[in-house]
Amino acid sequence: MPKNKKPAGGRPAANFDPRYGQRSAAKPGSRSAGHRGHRPDEAEPAGKRRWSAQEKAGRDEARGIRTHSRDARGGRFDDARPPRPERGPREDRPARSFEGRPRRDEGDRPRRSFEGRPRRDEGDRPRRSFEDRPRREFGDRPARSFEDRPRRSFDDRPARGRGDAARGSRDGGARAAGGNRSDWNARPERTAAQEQRVDVVHERLQAEAIQATDVDGVGFGDLGLGDNIVRALAELGAASPFPIQAATIPEVLSGRDVLARGRTGSGKTIAFGAPLVESVLRAQAGQRREFGRRPKALILAPTRELALQIDRTVQPIARSVGLFTTQIYGGVPQARQVGALKKGVDIIIGTPGRIEDLVEQRKLDLSQVQVAVLDEADHMCELGFLEPVQRILRRTADGSQKLLFSATLDREVSALVDEFLVEPAVHEVAGEDQASSTIEHRVLVIDHRDKAEILDRLVDRDGKTLVFARTRAYAEMLAEQFDDAGIPAVSLHGDLNQAKRTRNLQRLTSGRVRVLVATDVAARGIHVDDIDLVVQADAPDEYKTYLHRSGRTGRAGATGRVVTLITRQRRRRMTEMLSRAEITAPFEEVSPGDDVIDELAGSSPTAAELTA
DNA sequence: AAAAAAC
């Protein structure tokens, strides 16, 4: 089995370790209930609010899906179900029938070619570019030589689909002809030394890079989206396409499988969401939305919050053309979700567990799904997620289009690409390196005993701050610590029940609280406007985690700062991880009374300071 | 080792 990553090694006694316990088997939600009292002024029935409309987080990551199928069903549109009204179903779209486009068989595309680019032998660490990430050594164990690292080799993977046989459903013609996808696997044998690298590097996929300047003057309509969708995007705050959107929207509409990498906050959600809606619409042009119709598109995300957020972006787009979406994730009663499915929905957005659960209960039928999107695709290929995701994808319609998006997309996704994608197009945005980033990175080397005090000072500020902790217990403890210090804070982690999770995140979004302490449940995809400081109370273990966590700030061009606390012993691991992340950050030894803390707690750097 | 994801 693709035992993806996860080194056997692991970290030594973590840098910090209150370890409030091996309390892994904690009871959900219990302990935190207590510290919610602060802020009596919230004249808002916080409990009931559920994600209201105020946060149309708009762009964020997006995933698009699309359908190239045509699935016949009857004629009108009489859906009475109104998830979150806003404007009624409107179907003025001319039913263009675009389908019929030559689906994957264009031999002319020079791009893609999934193959692993020749990895560079570094020693010279050139610069970044997502690709060729210089070694990525998992556990970040202290400078251990690469050799004792558990290896993970693509070539060791079970021969799944490697040939073709396993992927019977897809039209074999194109595939047989195009050799591209085989490039994923047909890599030359490696030497033992190279083999070592593979498990840590996950080479980058060769991609077609779009230049930011290519987008100048291009509108969403030019990319093939209909007027209603373009209008809906404008209402979400997306007036014109970001590069990743300009690159992937036409590709998704063409029906091709797509792999896309765009850094955090670059607009991936709309990049897949908008064309997905357009595709579903085209596929059913002129047909009625029947009661009980089965979903035509599926968007999978790794966390409930992300699924919810994606829906907040996709739903208005879908509604603008009369299509319905529904969320399918755990932690909340099934009834409402099942009820929506019974009435019939066009697009479902959710997390693997509940989706599989409903499928097994026969309350969800994925057989009509023509487009499936995996957001944070590389994460969805990790241990624990991969198999459920595979089972879900296998339930979708034969030949369904697959779209894989992530800010850190690498060969780790080959586990899914091999089985499910056919000659995928690979896109990324050119020049997304640190030089063009709007995020400033700093590392504070501290004494463990000073940690709590330094954290208190760092988060005692005006702007919104997101603090990451390695464990649920520590996240909870920190939130209480901040509260006790007079700094209103809430937490977000898996020990909380979904209502609290949703409410606490909402509190940060709305600004009622300016400090949120979270585990990595919030590392990926979550978009909250104006987080200008990310504090890593515990340094992450993987460079990808570093990139995703820090990506909670500096979104859509805004500036932000990331401060990571480490103890002296961890300097080396941190240095190595930053190099893998291709990030440059000064290390500063800091004590509680140092001015630098106030400086860091102050306003985030200006664009000019960042480039200086 | 931890986190996430169903009940």
Side-chain angles (χ1 to χ4, degrees), chain A residues 4-29 138-142 150 299-310 327-338 348-364 374-392 406 467-478 491-498 501-502 505 517-526 536-542 544-546 548-549 570 573:
Chain A
N4 296 5
K5 36 172 46 198
K6 297 315 174 190
R11 13 144 89 224
N15 54 333
F16 176 97
D17 198 355
R19 220 51 37 190
Y20 287 87
Q22 299 15 350
R23 68 182 289 284
S24 48
K27 43 242 163 137
F138 276 122
D140 267 345
R141 5 281 287 294
I299 300 175
L300 279 176
T303 64
R304 299 164 186 171
E305 285 74 16
L306 184 51
L308 197 83
Q309 174 182 292
I310 292 169
Q327 306 148 2
I328 305 289
Y329 55 74
V332 296
Q334 293 183 7
R336 181 187 163 97
Q337 298 172 358
V338 173
I348 64 177
I349 299 161
T351 49
R354 177 62 63 86
I355 288 176
E356 261 205 299
D357 188 1
L358 295 187
V359 164
E360 278 162 22
Q361 291 181 46
R362 309 191 136 241
K363 288 173 176 165
L364 171 57
L374 282 186
D375 198 358
E376 304 301 347
D378 57 318
H379 190 40
M380 301 293 262
C381 282
E382 289 177 12
L383 217 49
F385 270 128
L386 180 60
E387 297 193 14
V389 167
Q390 288 173 323
R391 289 192 294 267
I392 288 169
S406 180
V467 180
F468 281 104
R470 195 173 66 91
T471 66
R472 303 164 174 187
Y474 187 39
E476 191 60 37
M477 194 220 82
L478 279 179
S491 62
L492 178 61
H493 55 77
D495 268 351
L496 300 179
N497 62 40
Q498 194 53 42
R501 285 170 58 162
T502 303
L505 179 56
V517 188
T519 57
D520 282 328
V521 67
R524 289 180 175 248
I526 300 305
Q536 305 198 76
D538 289 319
D541 287 330
E542 294 183 35
K544 281 188 183 181
T545 305
Y546 185 99
H548 286 282
R549 285 176 170 187
R570 195 167 174 123
R573 284 165 70 188

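Computation of the quantities below employed the complete heavy-atom set of this structure, encompassing side-chain atoms and omitting hydrogens, waters and symmetry-equivalent molecules. Per chain, numbering begins at 1; letters A, B, ... match sequence-line order. This is a predicted model, so every value here is computed, not measured.
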- Query: What integer distance in Å separates A:K363:NZ from B:dA6:C1'?
  - Reply: 12 Å
- Using 4.0 Å as the upper bound for N to carboxylate O, is an ion pair formed by A:D541 and A:R570? yes
- Residues in side chain to side chain contact (heavy atoms under 4.5 Å, CB included) with A:A301, at least two apart? A:L306, A:A307, A:I310
- Do A:V517 and A:H493 touch side chain to side chain, with heavy atoms closer than 4.5 Å? no
- Task: Not counting sequence neighbours, which residues clear ring-ring contact (aromatic ring centres under 6.0 Å, His included) with A:H548? List them please.
- Result: none
- Item | Short side-chain N/O contact to B:dA5 OP1/OP2 from A:R304, under 4.0 Å | yes
- Would you indicate which nucleotide in B:dA4, B:dA5, B:dA1 comes nearest to any side-chain atom of A:D541? B:dA1
- Message: Of the options B:dA4, B:dA2, B:dA6, whose atoms approach the side-chain atoms of A:E360 most closely?
- Response: B:dA6
- Could you state the CG-P distance from A:L374 to B:dA4, rounded to the nearest angstrom? 20 Å
- Query: Distance check: side-chain N/O of A:R472 vs OP1/OP2 of B:dA4, anything under 4.0 Å?
  - Reply: yes
- With the side chain defined as heavy atoms from C-beta on, A:F385 is closest, among B:dA5, B:dA3, B:dA6, to B:dA5
- Message: By nearest atom, which of the nucleotides B:dA5, B:dA3, B:dA6 is closest to the A:T519 side chain?
- Response: B:dA3
- Message: Quick check on B:dA6: is either OP1 or OP2 less than 4.0 Å from any side-chain nitrogen or oxygen of A:T351?
- Response: yes
- Query: Rounding to a whole Å, what distance do you find between A:D520:CG and B:dA1:C1'?
  - Reply: 12 Å
- Message: In this structure, how many angstroms lie between the C1' atom of B:dA1 and the CD atom of A:E542, rounded?
- Response: 12 Å
- Item | Short side-chain N/O contact from A:R391 to OP1 or OP2 of B:dA5, under 4.0 Å | no
- Query: Could you state the CD-P distance from A:E356 to B:dA6, rounded to the nearest angstrom?
  - Reply: 10 Å
- May I have the step-by-step check of side-chain contact (heavy atoms from CB on, under 4.5 Å) for A:D378 and A:R524, ending in yes or no? CA-CA 11 Å; A:D378 57 318; A:R524 289 180 175 248; 3.0 Å; yes
- Message: What is the separation between atom CD1 on A:I526 and atom C1' on B:dA3, rounded to the nearest whole Å?
- Response: 14 Å
- Query: Using a cut-off of 4.0 Å on non-hydrogen atoms, how would the nucleic acid contact of A:G330 be classed: base, sugar-phosphate, or nothing?
  - Reply: sugar-phosphate
- Check whether any side-chain nitrogen or oxygen of A:T303 sits under 4.0 Å from OP1 or OP2 of B:dA5, and answer yes or no. no
- Message: Measure CG/A:D538 against P/B:dA1 and give the value in whole Å, please.
- Response: 16 Å
- Taking CD from A:E382 and C1' from B:dA1, how many angstroms apart are they, rounded to a whole number? 14 Å
